[in-house]
2 protein chains.
Amino acid sequence: MERQTTIKDIALALRLSTSTVSRALRDAPDVSIETRNAVKALAEELDYQPNKLALSLLKNQTNTIGVIIPNLDYVLATMVKGIDEVALEAGYTVMVCQSDESFGREILNTKRLLDSLVDGFIVSVSSETMVYEHIKKIQNKKIPLVLFDRVINNFAVPKISLDNVEGGRLATQHLIDQGYKRIAILGGPENLGVSNDRIAGCIQTLKQNKIPFDKNLVIHCDFNQDYAYVAAKELLSMNKKPDAIFAISDRLAIGAMLAIKEMGLKIPKDIGLVGFNNEPITNLLTPSISSVEMYAFEIGKATAKMFLEMLHSNEDMSDRTIIIKPKLFIRESSNRLGLSK
Amino acid sequence: MERQTTIKDIALALRLSTSTVSRALRDAPDVSIETRNAVKALAEELDYQPNKLALSLLKNQTNTIGVIIPNLDYVLATMVKGIDEVALEAGYTVMVCQSDESFGREILNTKRLLDSLVDGFIVSVSSETMVYEHIKKIQNKKIPLVLFDRVINNFAVPKISLDNVEGGRLATQHLIDQGYKRIAILGGPENLGVSNDRIAGCIQTLKQNKIPFDKNLVIHCDFNQDYAYVAAKELLSMNKKPDAIFAISDRLAIGAMLAIKEMGLKIPKDIGLVGFNNEPITNLLTPSISSVEMYAFEIGKATAKMFLEMLHSNEDMSDRTIIIKPKLFIRESSNRLGLSK
DNA sequence: CTTGTTAGCATAAACGTTTATATATTATCT
DNA sequence: AGATAATATATAAACGTTTATGCTAACAAG
């Protein structure tokens with residue numbers, strides 16, 4: 001690693017002081033035109049680049065955003081893309097740290113980034129995270145923080161997320177409209193808010209339609225196709241088995257689909273199936289899977305915008321909340337009446 | 001953003017000099033036990049965290065790795081996961097910048113990270129990138145640099161990539177073994193090395209098997225399912241149409257599959273199909289798609305390890321190259337003889 | 001009693017900037 | 001001519017560290 005050209009080098013070469021060079025480079029007044037030109041010419045020649053570290057130390061800002069996410073699956077990668085785009089535009093660099101759904105790693109990542117390396121945080125918590133001391137620490141230090149996707153309630157920070165309850169409602173109402181009566185729910189980890197909200201929306205809609213809700217029809221499992229497969233088999237082996245499954249993610253829906261097929265049941269005739277996230281894959285499978293779109297890219301962009309606003313304004317923004325409305329895409333897996341929409 | 005506790009605060013409170021505090025905190029000699037204990041106790045109490053920026057400026061190292069990638073698709077996200085894991089372990093933080101397959105953004109990202117923010121670079125170039133001045137600049141400044149996946153030839157830097165030629169060979173030999181005779185190639189962007197290597201492997205194998213190679217059976221298109229769909233339709237509308245398609249990515253293979261199905265042709269009976277990357281989705285589609293596994297996670301880990309070695313050794317490593325061997329996974333889309341493997 | 005050693009601390013320089021303040025030279029005005 | 005203003009530059013402090021060097025007092029050895 002070669003030593004970079006510094007302002008000192010230029011000053012020395014031109015027999016000037018560093019302050020004059022600094023001012024010349026930034027077109028400040030109080031510098032003669034000749035000096036300014038000479039400085040700029042030499043800077044160009046030596047390929048001078050201001051040292052960002054020195055600047056950061058001085059100004060106490062790094063122009064870097066720390067993004068902490070549980071993983072890099074389709075949805076989150078898309079959100080990160082949205083964050084990245086807005087951040088880049090605004091001159092910020094993004095530091096993405098994956099917690100890999102591990103509480104320990106989330107804490108480690110937070111600590112690392114907290115060591116004055118980032119101007120603020122954009123966080124989506126891991127599914128293991130039930131204690132929020134590390135997030136509180138960010139908050140206590142008055143470091144800008146925005147939560148997205150998997151937000152935490154009772155936390156006075158800006159939040160951007162999907163209306164997951166509404167997503168659950170959309171999916172469920174659709175299944176009901178298609179004549180399904182015993183709707184099972186394939187949920188994510190038990191303490192995961194997004195999952196529970198989707199489930200809540202589902203249950204709510206069942207009640208509204210006067211359909212009895214059977215607790216046994218809710219199964220929680222990790223975000224993993226294989227677990228979903230096992231869980232679905234379990235559901236379909238009940239003596240009063242469901243006639244539809246609402247999976248709170250497409251990956252879970254796929255696991256369920258494999259199980260359903262393997263048991264010789266027909267989708268959507270015997271069993272209706274709706275997923276969540278609207279991953280492109282849902283449209284490629286046979287049958288194609290109905291799914292709830294969550295506009296991940298838009299959520300990402302909105303999050304970054306909110307963050308930047310927070311960074312630059314000095315208003316209290318802790319009660320700002322953006323809730324994105326989901327949309328159901330109806331496909332073969334639940335469309336047994338042959339409706340088109 | 002609250003001011004962090006600094007070494008000065010501690011020094012002032014304890015009527016010591018900053019140097020003594022610094023030494024005390026790091027268990028250096030020349031500090032009495034009482035002083036050391038007092039310093040440590042106060043540091044603990046005030047939640048002192050050393051300022052990384054100051055340290056970075058002083059030591060001229062940031063413990064940060066700049067990763068520049070074209071996008072965050074399944075393969076690259078997996079590679080990044082591998083890089084991340086190794087980097088985290090070694091105490092490094094990763095800065096991921098997506099060029100979004102845009103040459104301009106790749107340059108912008110490189111510039112941003114070059115401003116002394118990272119200790120080195122791990123780069124996979126965009127498909128638009130045909131001129132490598134920005135990469136040369138990294139090299140000229142003697143900043144550690146490792147290329148991975150989409151590497152550049154004639155560049156004296158460590159490289160980690162898949163044996164793409166071999167991948168092309170595996171896929172093609174398999175198709176030939178299955179009795180396919182007119183094998184078309186669905187390639188990526190024309191100047192993309194990984195794509196061309198896979199194609200080269202394919203052509204090589206055709207020749208080895210004395211199968212005439214028809215130039216018209218090679219179509220290049222962007223990494224996009226829709227383009228692949230159009231390209232495949234074109235291929236299948238030729239008067240001497242192919243009886244198999246080797247797609248150099250799974251996404252392209254999926255586009256081709258849709259086209260084939262739509263034209264009423266049967267897979268694998270009428271048309272054989274092999275993809276590349278072995279994305280999980282290949283095993284979920286109907287028919288399931290044969291694909292070449294590229295061990296993305298391993299490539300990511302190997303890349304990060306190589307990078308760290310380069311960072312810490314002072315040997316010349318510019319001729320280091322790791323080539324990962326691919327493996328073909330045979331599935332329904334190409335298995336018309338009913339072989340199992 | 002002088003000299004040397006050592007323990008324990010402080011001082012100062014360094015990393016690369018910006019910026020408030022000081023200084024020196026020249027120009028302007030009365 | 002002398003005072004004042006203006007211009008153009010330098011000096012120094014600051015950001016938060018580490019570290020080489022310097023200093024002082026106590027104590028041991030001769």
Side-chain angles (χ1 to χ4, degrees), chain A residues 1-40 42-43 46-64 112 114-119 141 143, chain B residues 1-40 42-43 46-64 91 114-119 141 143:
Chain A
M1 182 121 59
E2 268 179 1
R3 215 180 63 79
Q4 286 274 34
T5 303
T6 76
I7 240 175
K8 262 190 200 168
D9 301 328
I10 299 179
L12 214 66
L14 262 44
R15 302 175 161 277
L16 289 169
S17 73
T18 58
S19 71
T20 305
V21 174
S22 171
R23 307 179 60 98
L25 285 171
R26 290 172 311 109
D27 288 325
D30 282 22
V31 171
S32 73
I33 304 179
E34 304 88 53
T35 314
R36 182 192 307 174
N37 289 339
V39 167
K40 286 196 170 175
L42 190 58
L46 298 180
D47 189 29
Y48 167 75
Q49 301 291 349
N51 185 314
K52 284 256 169 83
L53 282 175
L55 270 172
S56 293
L57 180 59
L58 192 67
K59 308 227 157 156
N60 200 27
Q61 65 165 16
T62 58
N63 274 30
T64 301
R112 290 258 179 96
L114 211 48
D115 292 346
S116 66
L117 284 171
V118 296
D119 289 346
K141 297 201 175 190
I143 296 172
Chain B
M1 183 119 61
E2 267 178 2
R3 215 179 64 79
Q4 285 274 35
T5 303
T6 76
I7 239 174
K8 262 190 200 167
D9 300 327
I10 300 180
L12 214 65
L14 262 45
R15 301 176 164 277
L16 288 169
S17 73
T18 58
S19 71
T20 304
V21 174
S22 171
R23 306 179 61 98
L25 285 171
R26 291 174 309 111
D27 287 326
D30 281 23
V31 170
S32 73
I33 303 179
E34 303 88 54
T35 314
R36 185 192 305 174
N37 290 339
V39 167
K40 285 194 173 177
L42 190 58
L46 299 179
D47 189 29
Y48 167 75
Q49 300 291 350
N51 184 312
K52 284 259 168 81
L53 282 175
L55 269 172
S56 293
L57 180 60
L58 192 67
K59 308 228 155 155
N60 199 28
Q61 65 164 15
T62 58
N63 275 27
T64 301
L114 210 50
D115 293 346
S116 66
L117 284 172
V118 296
D119 288 346
K141 298 201 176 190
I143 297 172

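Within every chain, numbering begins at 1; the chains are lettered A, B, ... in the order of the sequence lines, protein sequences first and strands thereafter.
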With heavy atoms under 4.0 Å as the rule, sort B/S19 into base, sugar-phosphate or nothing.
base
Taken to the nearest whole Å, CD/B/Q4 to P/D/dA14 is 20 Å
- Task: Looking at every strand, decide which applies to B/T35 at a 4.0 Å heavy-atom threshold: base, sugar-phosphate, or nothing.
- Result: sugar-phosphate
Under 4.0 angstrom, heavy atoms only, what part of the nucleic acid is A/R15 near: base, sugar-phosphate, or nothing? sugar-phosphate
- Message: With a 3.5 Å distance limit and no angle check, can you tell me whether A/S22 reaches the backbone of A/T20 through a side-chain donor-acceptor pair?
- Response: no
**Prompt:** Is B/S56 reaching over with its side chain to a backbone N or O of B/K52, donor-acceptor style, under 3.5 angstrom?
**Reply:** yes
Atom NZ of B/K52 and atom P of D/dT18 are separated, to the nearest Å, by 12 Å
Per atom distances to the B/S17 side chain, the nearest of C/dT19, C/dA10, D/dG16 is C/dA10
Taking C/dT17, D/dT9, D/dG16 as options, the one with an atom nearest any side-chain atom of A/L55 is C/dT17
Got a salt bridge between A/D119 and A/K59, using NZ or NE/NH1/NH2 to carboxylate O under 4.0 Å?
no
Looking across every strand, which nucleic acid part, if any, lies under 4.0 Å from B/S32 by heavy atom: base, sugar-phosphate, or nothing?
-> sugar-phosphate
B/N51 atom CG is separated from D/dT18 atom P, nearest whole Å, by 10 Å
In whole angstroms, the gap separating P of C/dG16 from CG of A/N60 amounts to 20 Å
Notebook entry, point to check: Taking only N and O in the side chain of A/R23, is any of them less than 4.0 Å away from OP1 or OP2 of C/dT19?
Noted result: no
In whole angstroms, the gap separating P of C/dA14 from CD of B/Q61 amounts to 21 Å
5'-most contact on DNA chain D (nearest-nucleotide basis), A/T18 vs A/L58, goes to A/T18
Taking D/dT17, C/dT17, C/dT18 as options, the one with an atom nearest any side-chain atom of B/I7 is D/dT17
A/D27/A/K40 ion pair, N-O < 4.0 Å: yes
Separation of C/dG16 atom P from A/R26 atom CZ, nearest Å, is 18 Å
Whole-Å distance, B/L53 CG to D/dA14 C1', equals 15 Å
A/L57 has its side chain closest, among D/dG16, C/dT17, D/dT9, to D/dG16
Main-chain N/O of B/E34 paired with B/N37 side-chain donor or acceptor, under 3.5 Å: no
### Touch class at under 4.0 angstrom, heavy-atom based, for B/S22 against every strand present
base
Margin query: Does a side-chain N or O of B/R3 approach OP1 or OP2 of D/dC15 to a distance below 4.0 Å, or not?
Written below: no
Closest of C/dC9, D/dT9, C/dT18 to the A/K59 side chain is C/dT18
*asked:* Do the side chains of A/K141 and B/D47 get close enough for a salt bridge, i.e. N-O under 4.0 angstrom?
replied: yes
Picking from C/dT19, D/dG16, C/dT17, the nucleotide nearest the side-chain atoms of A/A54 would be C/dT17
In whole angstroms, the gap separating P of C/dT23 from CG of A/D30 amounts to 16 Å
Taking C/dG16, C/dC15, D/dT9 as options, the one with an atom nearest any side-chain atom of A/K8 is C/dC15
Once you apply a heavy-atom cut-off of 4.0 Å, does A/Q49 come out as touching a base, just sugar-phosphate, or nothing? sugar-phosphate
